[in-house]
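This report concerns only the one structure given below.
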Number of protein chains: 2
Amino acid sequence: MSASSSKTVEPAHNVHDGRERAKSSLTPVRVALTPAQRFGDYLQSRGMRSTQQRQMLLELVFSGHEHFDADQLMERLPAKGKHGYVSRPTVYRTLAEFVDAGLLRKFELKGRSVYEHDYGYPQHDHLHCTECGKLIEFQCETLSDIKSSVASEHGFQVRSHRLIISGICQPCRKKRRRVRRKVDRI
Amino acid sequence: MSASSSKTVEPAHNVHDGRERAKSSLTPVRVALTPAQRFGDYLQSRGMRSTQQRQMLLELVFSGHEHFDADQLMERLPAKGKHGYVSRPTVYRTLAEFVDAGLLRKFELKGRSVYEHDYGYPQHDHLHCTECGKLIEFQCETLSDIKSSVASEHGFQVRSHRLIISGICQPCRKKRRRVRRKVDRI
DNA sequence: TTGAATGCAAAGGATTTGCAGAGGC
DNA sequence: GCCTCTGCAAATCCTTTGCATTCAA
């Protein structure tokens, strides 16, 4: 019996056809609208505008499924002065909008905000390698049982959760072993 | 069957006899050394010194079992100028030492560092009320199973984990209901 | 046209650091 | 007396804000 799985939960199709996407441990779930369409609805329903900056960031953010922070996103943008450049404040403002629109989830890691896809992406948790910083996704159905049983015990209304398991990933463990052997020989 | 419990795991005795302590949902576990003794060993083993500031903070931090951040700890200190005052940089430096010595655990909440007892305190996780900010502790044995099964699947060496379930606590839910009724009447 | 969105510069909040003086051992 | 520790001030890091200008609708 396995309490967890990193396999795909549904025979999913990528909603972002026609874009290359970074490799990721989970596969997007088929959804009714693309992120761009959903964000369009979000903007319209609030009298907000579809600007070049928002379009640019939408494309960048949903061209892959990697976790990222504001800095990493900025690095992938054209340099200041170039066409397509978006300023840092606008990046932060837009990321907050994506979160508000339900497209992204935000969480804290080592004092900084990390973002990941939410819309059309399966619920999952993370292994965090403290050596190389890598985030590995995994899925675990048992957690829902824990959540509901804890919730009922405390009369608590659960909105969301965040589970991060820290330790050393396989590649880093191998590297360490190699180093240790070297040290032993000296 | 219950996947979790907030009861005490061991017929524990408080190691901090002779000090008043704040109420907390879990009870400390009996340990060989008091936190002060353990910290003394830590200092000595590294050629570090036992100063008034470190003693002061040790007493404050281990006089209760509440979660706290650097600010809250500072507020409980004598004011600047008064005997027993400890400066902010020293508070941060000393908290880092407590973490390093295994006395405290540190985690992030809403962009700030929160500390809680680790040494002599049972492993637990948290419910976080997004309304009032309260942290409620709970224990869950099932989590160890999840951790080990995920770890073996990914060849991951687990060092620790952090699970925070966010939502609305019972008191806040009741308050909300009251407010809603009032609004309905208008 | 007109108000929302942007970019700039600057502020903000939490935490850290350099350094000269204070104080354990 | 030596060397660590402290407090001060200032720096750092990430993120947010005020405001004049730009631009989508």
Side-chain angles (χ1 to χ4, degrees), chain A residues 36 39-60 67-75 77-101 104-115 133, chain B residues 36 39-58 60-61 67-75 77-101 104-115 133:
Chain A
F39 192 57
D41 290 355
Y42 171 88
L43 292 178
Q44 191 155 54
S45 72
R46 320 204 162 203
M48 295 168 74
R49 295 171 180 175
S50 171
T51 63
Q52 296 196 325
Q53 289 85 342
R54 285 176 177 147
Q55 290 311 315
M56 183 72 194
L57 293 174
L58 202 51
E59 281 187 30
L60 260 185
H67 308 89
F68 62 91
D69 58 26
D71 258 331
Q72 294 171 319
L73 184 53
M74 288 242 47
E75 280 168 21
L77 282 166
K80 190 190 285 200
K82 296 262 168 61
H83 174 73
Y85 168 75
V86 181
S87 71
R88 189 169 288 274
T90 296
V91 164
Y92 276 105
R93 285 187 277 236
T94 307
L95 285 174
E97 288 157 9
F98 288 170
V99 170
D100 201 49
L104 293 183
R105 313 186 103 225
K106 173 183 171 180
F107 59 101
E108 313 273 334
L109 209 56
K110 289 170 24 194
R112 47 202 307 156
S113 294
V114 178
Y115 300 84
Chain B
F39 191 57
D41 290 355
Y42 170 87
L43 292 177
Q44 190 155 56
S45 71
R46 323 204 158 203
M48 294 168 74
R49 292 169 181 175
S50 171
T51 63
Q52 296 196 324
Q53 289 86 340
R54 284 175 177 149
Q55 290 311 315
M56 184 71 193
L57 293 174
L58 202 51
L60 261 185
V61 164
H67 307 89
F68 62 92
D69 60 25
D71 258 332
Q72 294 171 320
L73 184 53
M74 288 243 47
E75 279 167 21
L77 282 165
K80 191 190 286 201
K82 297 262 168 60
H83 175 73
Y85 167 75
V86 181
S87 70
R88 190 169 286 275
T90 297
V91 164
Y92 277 105
R93 285 186 278 237
T94 307
L95 285 173
E97 288 158 8
F98 288 170
V99 170
D100 201 49
L104 293 182
R105 313 185 104 227
K106 174 183 173 182
F107 59 100
E108 313 274 336
L109 211 56
K110 289 171 21 193
R112 45 200 310 156
S113 294
V114 178
Y115 299 84

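Throughout, a chain's letter reflects where its sequence line sits, starting with A, and its residues are numbered from 1. Please read these numbers as outputs of a predicted model, since none were measured by experiment.
Among residues two or more places apart in sequence or in another chain, the side chain to side chain contact (heavy atoms under 4.5 Å, CB included) test is passed with A:M56 by A:L77, A:P78, A:V86. Remark: A:Q72 pairs with A:F68, A:D69 by the side chain to side chain contact (heavy atoms under 4.5 Å, CB included) rule, at least two apart or across chains. Every side chain to side chain contact (heavy atoms under 4.5 Å, CB included) that A:R93 has, sequence neighbours left out, goes to A:P89, A:T90. The side chain to side chain donor-acceptor pair (under 3.5 Å) search around B:E97 returns B:R54, not counting sequence neighbours. B:F39 is linked by a ring pair (Phe, Tyr, Trp, His ring centres under 6.0 Å) to B:Y42, B:F98, counting only residues two or more places apart in sequence or in another chain. Scanning for salt bridge (Lys or Arg N to Asp or Glu O under 4.0 Å) contacts around B:R49 gives an empty result, with sequence neighbours left out. Residues satisfying the side chain to side chain contact (heavy atoms under 4.5 Å, CB included) criterion with B:Y85, sequence neighbours excluded, are B:M74, B:K80, B:S87. With sequence neighbours excluded, the residues satisfying salt bridge (Lys or Arg N to Asp or Glu O under 4.0 Å) with A:D100 are A:R46.
Comparing the end axes of the helix from C:dT1-D:dA25 to C:dC25-D:dG1, each fitted to five base pairs by superposing C1' atoms of four pairs onto the next four, gives an inter-axis angle of 30° (nearest 10 degrees).
Using a 4.5 Å heavy-atom cutoff, the side chains of B:L73 and B:L95 are in contact. The side-chain heavy atoms of B:D71 and B:R112, taken from C-beta on, include a pair separated by under 4.5 Å.
Both A:Q53 and B:Y92 lie close to DNA chain C; mapped to their nearest nucleotides by heavy-atom distance, the more 5′-ward contact belongs to A:Q53. Nearest-nucleotide positions on DNA chain C place A:L43 closer to the 5' end than the other of B:R93 and A:L43.
Here the shortest heavy-atom pairing between B:E108 and B:S113 reads OE2-OG, 3.8 Å.
Residue B:Q55 qualifies as enclosed at atom CD: its count of foreign heavy atoms under 6.0 Å is above 12.
When heavy atoms are screened at a 4.0 angstrom cut-off, A:R88 is found touching base atoms of the nucleic acid.
On the nucleic acid side, DNA chain C contacts chain A at distances under 4.0 Å to non-hydrogen atoms, with the end points of that region at C:dG3 to C:dA9. With a cutoff of under 4.0 Å to any heavy atom of chain A, the contacted region of DNA chain D is bounded 5' to 3' by D:dC14 to D:dA25.
How far CG of A:L60 is from OG1 of A:T94: 11.5 Å, rounded to the nearest 0.5 Å.
A heavy atom lying under 4.0 Å from DNA chain D marks none of the residues of residues 104-114 of chain B.
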